[in-house]
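Below is one structure, written out as structure tokens, with a few remarks after it.
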Amino acid sequence: MNNLQQTHGANASFVQRNALLPLRADALRFAPDGLTILDDVSLQIAEGGITMILGSNGAGKSVLLRLLHGLLEPHRGEVLWRGGPATREIRRRQAMVFQKPVLLRRSVAANLEHALKAAGVPRTERARRIEEALEEAGIAHLAKRPARVLSGGEQQRLAVARALSLKPDVLFLDEPTASLDPVSTAAIEALILAADRRGCKIVMISHDLHQARRLASEIVFMDRGRIAEQSEAASFFKEPSSAAARDFLAGRLRLPDGR
Amino acid sequence: MQDFADSFSLAFGLILSADPELAEIVLLSLRVSLSATLAACAIGMSLGAAMAIFRFPGRGALLIFTNAMMGLPPVVVGLAIYMLLSNAGPLGAFSLLYSPTAMVIAQTVLVTPIATALTRQVISDLHVEYDEQLRSLSLGPLDTLGTLLWDARFSLITVALAGFGRAIAEVGAVIIVGGNINHVTRVMTTAIALETSKGDLALALALGLILIGISITVNAALMALKGTARRFAYE
């Protein structure tokens, strides 16, 4: 634990500037068919450290992540990267890993090859990047295996390796370790921390408070489609400023009329 | 009963001796139906994939049309192509009627709706699964199409085999536009129809047995393919 916090300390002072940040969401509303899922969500994500989105089921975490990444269009409000809307170039410098990894019906290496080609990485460089990414994820020995016969933990490691092989400036992760065993979870957390050290901004959703304590430098806490608070991780876990977060940390159920 | 037994032994004799007339008919059948399947897959798979991932005006109507065409009786397709290719028809100048080319055209028309409808289903199911990942990679529409077609390759081979099955088995379309001319447009199904009505059961039976053999081979290939796909989790 101490180790991790030290890396975070080093992290705050990294010199490399992130080309995409700050990321700002301005009064986002997402309400398909009149059903409000997100409303009046504003936040700013700056470079450095891991931003962790916490909240109970249905709080709108996944929708927020998709709005930020551009997979969904907000019905109101806007997402701004360094003050401007996302261009194709900006979108290509982000990557996302889903809770249930979407793997192509190809070999492990071919999954990375496909993503690198889509990102416009020249052929000569692809082989090197594939090897590097698989090596780092500890799945180099599986390179030739069909991706979809891997175990759940290996599949998610592959999905993270594929995202990281793109060398994104921002990586979004939607509960990447949900339903994985501790060994796989540790492997994925190590990959995430290494990417963070390299200056890749991590924005990730988690259900797991222990994981949030291990990784986060900043917490965005969501409650019923709104942001209840955005705080430094240390102060959040010591004393959350919102009642919703206090209840969540104390493990108290909040009933719909208890607002 | 004795007659039937004789017919069977004659039929096996024809097959085992690789009778030249029999071989000619079988080869023409395969040539026509394989060409038609290839052409129908080229058209139908592009069209079906496009219908699966693009929204364009008239898409709904096209969907209903292809689904309706799937069950079209071959004789009706034969009639339509006959009218197009006959001397009085708009394509009469090419003098294609009663040629193997006419038969390929008719079977292509017959198989294309099947290839289109099945491909649309396969690709749109896969698209649902891949959509967010591919959009996250900022893939353009053509690359998306390419990715989906490649990843659906096992299912698409199944589609092609289903199309070939329909082509090789139909008689209505090829008999109208081909005319069942000996040494020119006689294929297995038209020969069976003719020989049976002439009472020459041996040749008809031999061809029938070969058709059954082809059908078994195609289905065995399908099963082997599905086994491979399952082993790689590529279904």
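Lettering of chains follows the sequences in order, A, B, ..., and the numbering in each one begins at 1.
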Note to self: Using modelled atom types and a 3.5 Å cut-off, is there a donor and acceptor pairing between side-chain atoms of B/Asp151 and backbone atoms of A/Leu104?
What the structure shows: no
Notebook entry, point to check: Just checking heavy atoms, which of residues 209-234 of chain B are less than 4.5 Å from chain A?
Noted result: B/Arg231, B/Phe232, B/Ala233, B/Tyr234
Next item on the list: Decide if atom CZ of B/Arg31 counts as having more than 12 heavy atoms of other residues, nucleotides or ligands within a radius under 6.0 Å.
Entry: no
Item checked: Single hit among A/Arg91, A/His69, A/Arg66 for side chain to side chain donor-acceptor pair (under 3.5 Å) with B/Ser136 -> A/His69
Check: Is any residue of residues 114-131 of chain A within less than 4.5 Å of chain B by heavy atoms, and which ones?
Finding: A/His114, A/Ala115, A/Ala118
Next item on the list: Can you check whether anything in residues 115-133 of chain B gets within less than 4.5 Å of chain A, heavy-atom wise, and list it by number?
Entry: B/Leu126, B/Glu129, B/Tyr130, B/Glu132, B/Gln133
Checklist line | Test item: A/Arg106 and B/Trp150 side chains (from C-beta on) under 4.5 Å apart, heavy atoms | finding: yes
Notebook entry, point to check: Non-hydrogen atoms of chain B under 4.5 Å away: do they reach the side chain of A/Leu103, the backbone, both or neither?
Noted result: backbone
Notebook entry, point to check: Counting only heavy atoms not in B/Met83, do more than 12 sit closer than 6.0 Å to its CE atom?
Noted result: no
Next item on the list: Count the heavy atoms of every other residue, nucleotide or ligand shown that sit under 6.0 Å from CZ of B/Phe54, and state whether that count exceeds 12.
Entry: yes
Notebook entry, point to check: Do any of residues 159-169 of chain B come closer than 4.5 Å to chain A, heavy atom to heavy atom, and if so which ones, in number order?
Noted result: none
Notebook entry, point to check: After noting the C-alpha distance and the side-chain angles of A/Val102 and B/Leu134, does the key distance pass the side-chain contact (heavy atoms from CB on, under 4.5 Å) rule?
Noted result: CA-CA 9 Å; A/Val102 182; B/Leu134 299 186; over 6 Å; no
Checklist line | A/Arg24 atom CZ, over 12 foreign heavy atoms within 6.0 Å | finding: no
Notebook entry, point to check: How long is the span from the OG atom in B/Ser138 to the CD1 atom in A/Ile90, to the nearest 0.5 Å?
Noted result: 11.0 Å
Margin query: Please rank A/Gln94, A/Lys100, A/Arg162 by heavy-atom pairs under 4.5 Å with chain B and give me the top one.
Written below: A/Arg162
